[in-house]
Amino acid sequence: MELKEKILTKRAKIGVVGVGYAGLPLAMAFARSGFMVHGIDVDDEMVKELNQGKSHIEDVKDEMVQAAISSGCFRAHSDYQIVSQLDCVILCVPTPLRQTRDPDISYMVDAAKKVKEHLHKDMLIILQSTSYPGTTDELLRVELESEKFQVGKDLFLGFSPERVDPGNLKFTTRNTPKIVGGITPHCTEMAKILYEQVIDTVIPVSSAATAEMVKLLENTFRAVNIGLVNEITIMCDKLGVSVWEVIEAAATKPFGFMPFFPGPGLGGHCIPIDPLYLSWKLKMLNYNARCIELASEVNTQMPEYCVHRMVAVLNQNRKCVNGTKVLIMGLTYKKDVSDVRESPALDIIRLLELGGAQVDYSDPYVSQLRFDEVVKKSVSLSPAKIKGYDLVVMVTDHSSFDYKMIQESAQLVFDTRNVFREAFDTLVKL
Ligand SMILES: NC(=O)c1ccc[n+]([C@@H]2O[C@H](COP(=O)([O-])OP(=O)(O)OC[C@H]3O[C@@H](n4cnc5c(N)ncnc54)[C@H](O)[C@@H]3O)[C@@H](O)[C@H]2O)c1
């Protein structure tokens, strides 16, 4: 049976390599619609838990994994043997930065090499990890192609940007439009047919590099606009104007303005990282991506700027950082998720501790976290406990926080997210 027919009749076996924030919801979407899905991940413990019906991602409930397993549509593996039986493989492995802020492509290379060991004819391979334009063609194609397997003839290869927004209940895998771009038109067609089985709108573009660039435009757009509004925040502070009031008023313009909001800095596995994949690639072409570099500089300095403002607030209250007790509300990079990767809260904690502060945190999604040699545990809140801190810093706006209790008990609050809409005596806003 041809690959196309196998996909259309849901007899194609799907592999999702890397079943994390991006991979697991996608694996579940295919399993729910009746495909046999194999999740492949190097994290043995997580593979074991998935096979026991336990999810590690908030957006995928345990019951979803259990239903997929009991309907015979999902199984997780910690090795790649199963690839020899698969028809379609989607790569969702991490694409972080090295310490030098250059792309770390080692996870993609490792996954491609392991897939290659079990490659067979008539397979569709799609990269969903965010990377620089040219990755699918220059890296994956070169890794996978051989005399035996020609892309577009024996193998189909393409790129499809990941658009998952963890915690977003309105836009899920099914109703978030999906871009696909193949190495050849035949590759694009195969990728489009596959995703159309689980996604309402699939938009083909002319090449894999175009699809890669679409993702980087989306994320650079956010990074640059957040950089702009973060700089406007610093300007407003100097001018003695509330940035929040300015944004709210500007957003009443019904055309030509889209509100972005300041914060303590960028976090997560996308916005702080992906634009730097693009600027790195451009450097190789002798071009300096100025907007990206500048936005990155402004955004990276936000934790330091926030701490500078906190020091001023403490000073005004006749307190110094050294020895002061600070409570950080929220450790994760965004509300209602458990992901702490690149979270600005971590930088804020380090900077405050460097100044001699005693810093605790409270986060319902992170029970404990290692900071260098020390393990910190999330503090459970009570009015008396909150009162014991000199400063409470609102970093993440989790829905479950008891804002009324914080407002009524805190000695001093520094709010980086505008969670407190109304002013009160002990409140200072970013
Ligand atoms: N998290 C998001 O909101 C989001 C949004 C858009 C795009 N993305 C992109 O999706 C990709 C994956 O990100 P994520 O957030 O899902 O990461 P993640 O860390 O949650 O998941 C990646 C998984 O891949 C596994 N893995 C690593 N190397 C592997 C290998 N060689 N073989 C098999 N498994 C391997 C890890 O153990 C992990 O479970 C990245 O490129 C990221 O930029 C993520």
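Counting starts at 1 for both ligands and their atoms, in listed order. Residue indices begin at 1 and follow the sequence shown.
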Trainee: Pull out every atom of ligand 1 sitting under 4.0 Å from any heavy atom of Val17, numbered as shown with elements.
Mentor: 32 (N), 33 (C)
Trainee: May I ask you to decide whether Asp110 forms a salt bridge with Lys114, counting only side-chain N to carboxylate O separations under 4.0 Å?
Mentor: yes
Trainee: Is Ala22 touching ligand 1 with its side chain, its backbone, both, or neither, if touching means heavy atoms under 4.0 Å apart?
Mentor: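 Ala22 to ligand 1: contacts from backbone and side chain alike.
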Trainee: Taking the basic N atoms (NZ, or NE/NH1/NH2) and the acidic carboxylate oxygens, is any pair closer than 4.0 Å for Lys334 and Asp339?
Mentor: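 Result for this pair is no, no salt bridge flagged.
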Trainee: Any ion pair linking Lys178 and Glu196 (charged N to carboxylate O, less than 4.0 Å)?
Mentor: no
Trainee: For ligand 1, which is the ligand I care about here, please tell me if Arg163 has any N or O atom under 3.5 Å from one of the ligand's N or O atoms.
Mentor: no
Trainee: With nothing but distance in play, are any N or O atoms of Arg341 less than 3.5 Å from an N or O of ligand 1?
Mentor: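 Yes, since at least one N or O of Arg341 sits under 3.5 Å from an N or O of ligand 1.
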Trainee: Purely on distance, is any nitrogen or oxygen of Tyr21 under 3.5 Å from one on ligand 1?
Mentor: yes
Trainee: Under 4.0 Å between a side-chain nitrogen and a carboxylate oxygen: does that hold for Asp104 and Arg98?
Mentor: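 Salt bridge flag = yes for Arg98 with Asp104.
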Trainee: Select one of side chain, backbone, both or neither to describe which atoms of His56 lie under 4.0 Å from any atom of ligand 1, heavy atoms only.
Mentor: neither
Trainee: Any idea which part of Pro166 is under 4.0 Å from ligand 1, heavy-atom wise: side chain, backbone, both or neither?
Mentor: side chain
Trainee: Distance alone, cut at 3.5 Å: any donor-acceptor contact between the side chains of Ser367 and Lys377?
Mentor: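 No pair is found: no donor N or O on one side chain lies under 3.5 Å from an acceptor on the other.
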Trainee: Output the list of atoms in ligand 1 that are nearer than 4.0 Å to some heavy atom of Val164, sorted by atom number.
Mentor: 2 (C), 3 (O), 4 (C), 5 (C)
Trainee: I'd like to check Leu391 versus Leu327 (side-chain heavy atoms, cut-off strictly below 4.5 Å). Are they in contact?
Mentor: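 No, their side chains stay 4.5 Å or more apart.
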Trainee: Output yes when Glu297 and Arg290 qualify as a salt bridge under the 4.0 Å nitrogen-oxygen rule, no when they do not.
Mentor: no
Trainee: Please could you name the atoms of ligand 1 that Thr95 approaches to less than 4.0 Å, counting only its heavy atoms?
Mentor: 40 (C), 41 (O), 43 (O)
Trainee: Hey, is Met46 touching ligand 1 through its side chain, its backbone, both or neither, going by heavy atoms under 4.0 Å?
Mentor: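 Side chain only; the backbone of Met46 stays clear of ligand 1.
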Trainee: Hey, which atoms in ligand 1 end up nearer than 4.0 Å to a heavy atom of Tyr107?
Mentor: 27 (C), 28 (N), 31 (N)
Trainee: Looking only at protein heavy atoms, identify the closest one to atom 21 (O) of ligand 1 and say how far it is in Å.
Mentor: Gly20 CA, 3.3 Å
Trainee: Considering both backbone and side-chain atoms of Asp110, is one of its nitrogen or oxygen atoms within less than 3.5 Å of a nitrogen or oxygen in ligand 1?
Mentor: yes
Trainee: Out of curiosity, is Lys114 lining ligand 1, as in a heavy atom under 4.0 Å away?
Mentor: no
Trainee: Quick test of your reading of the model: are Arg101 and Glu293 salt-bridged, counting only N-O distances below 4.0 Å?
Mentor: no
Trainee: Could you check whether Glu138 pairs with Lys281 (Lys NZ or Arg NE/NH1/NH2 to Asp/Glu carboxylate O, under 4.0 Å)?
Mentor: yes
Trainee: List ligand 1 atoms under 4.0 Å from Lys215, heavy atoms only on the residue side.
Mentor: 6 (C), 7 (C)
Trainee: For atom 11 (C) of ligand 1, what is the nearest protein heavy atom, given as residue, atom name and distance?
Mentor: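 For this ligand atom, the closest protein heavy atom is Val93 O, 3.4 Å.
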Trainee: Output yes when the distance from some N or O of ligand 1 to some N or O of Asp41 is under 3.5 Å, and no in every other case.
Mentor: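 Yes; the residue has a nitrogen or oxygen that sits under 3.5 Å from a nitrogen or oxygen of the ligand.
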Trainee: Tell me yes or no: between the side chains of Ser338 and Glu58, is some donor less than 3.5 Å from an acceptor?
Mentor: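 There is such a pair (donor and acceptor under 3.5 Å, judged by atom type) between the side chains of Ser338 and Glu58.
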Trainee: Can you tell me how the ring of Phe30 sits relative to the ring of Phe35, calling it parallel under 30°, perpendicular over 60° and tilted otherwise?
Mentor: perpendicular
Trainee: Can you figure out which of His269, Glu45, His77, Lys334 has its heavy atom closest to atom 42 (C) of ligand 1?
Mentor: His269
Trainee: Look at atom 5 (C) of ligand 1 and say which protein heavy atom is nearest, naming residue and atom and giving the distance to 0.1 Å.
Mentor: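 It is Cys270 SG, 3.1 Å.
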Trainee: Can you tell me which residue and heavy atom of the protein come closest to atom 27 (C) of ligand 1, and the distance to 0.1 Å?
Mentor: Pro94 CD, 3.4 Å
Trainee: Return the residue, atom name and 0.1 Å-rounded distance of the protein heavy atom closest to atom 9 (C) of ligand 1.
Mentor: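 Checking every protein heavy atom, the shortest distance to atom 9 (C) of ligand 1 gives Thr130 OG1, 3.7 Å.
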Trainee: Do the rings of Phe221 and Phe260 sit parallel, tilted or perpendicular, given the 30° and 60° boundaries?
Mentor: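 Answer is perpendicular, since the angle exceeds 60°.
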Trainee: Is the contact between Tyr80 and ligand 1 made by the side chain, the backbone, both, or neither, using heavy atoms and a 4.0 Å cut-off?
Mentor: side chain
Trainee: Out of Lys121, Lys6, Lys13, which one pairs with Asp87 under the salt bridge (charged side-chain N to carboxylate O under 4.0 Å, His left out) rule?
Mentor: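 Output: one option passes, namely Lys6.
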Trainee: When you compare ligand 1 with Asp339, is there at least one nitrogen or oxygen pair between them that comes in under 3.5 angstrom?
Mentor: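 No, Asp339 has no N/O under 3.5 Å of an N/O on ligand 1.
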Trainee: Do the side chains of Glu143 and Lys113 get close enough for a salt bridge, i.e. N-O under 4.0 angstrom?
Mentor: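 Salt bridge flag = yes for Lys113 with Glu143.
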Trainee: Could you identify the single nearest non-hydrogen protein atom to atom 26 (N) of ligand 1 and state the distance to 0.1 Å?
Mentor: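 For atom 26 (N) of ligand 1, the nearest protein heavy atom is Val42 CG2, 3.6 Å.
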Trainee: Please determine whether a side-chain nitrogen of the Lys or Arg among Glu5 and Arg11 lies less than 4.0 Å from a carboxylate oxygen of the Asp or Glu.
Mentor: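 Salt bridge: no.
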Trainee: Near Gly18, which atoms of ligand 1 are under 4.0 Å from a heavy atom of that residue?
Mentor: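 Taking each heavy atom of Gly18 in turn, ligand 1 has 23 (C), 24 (O), 25 (C), 34 (N) under 4.0 Å.
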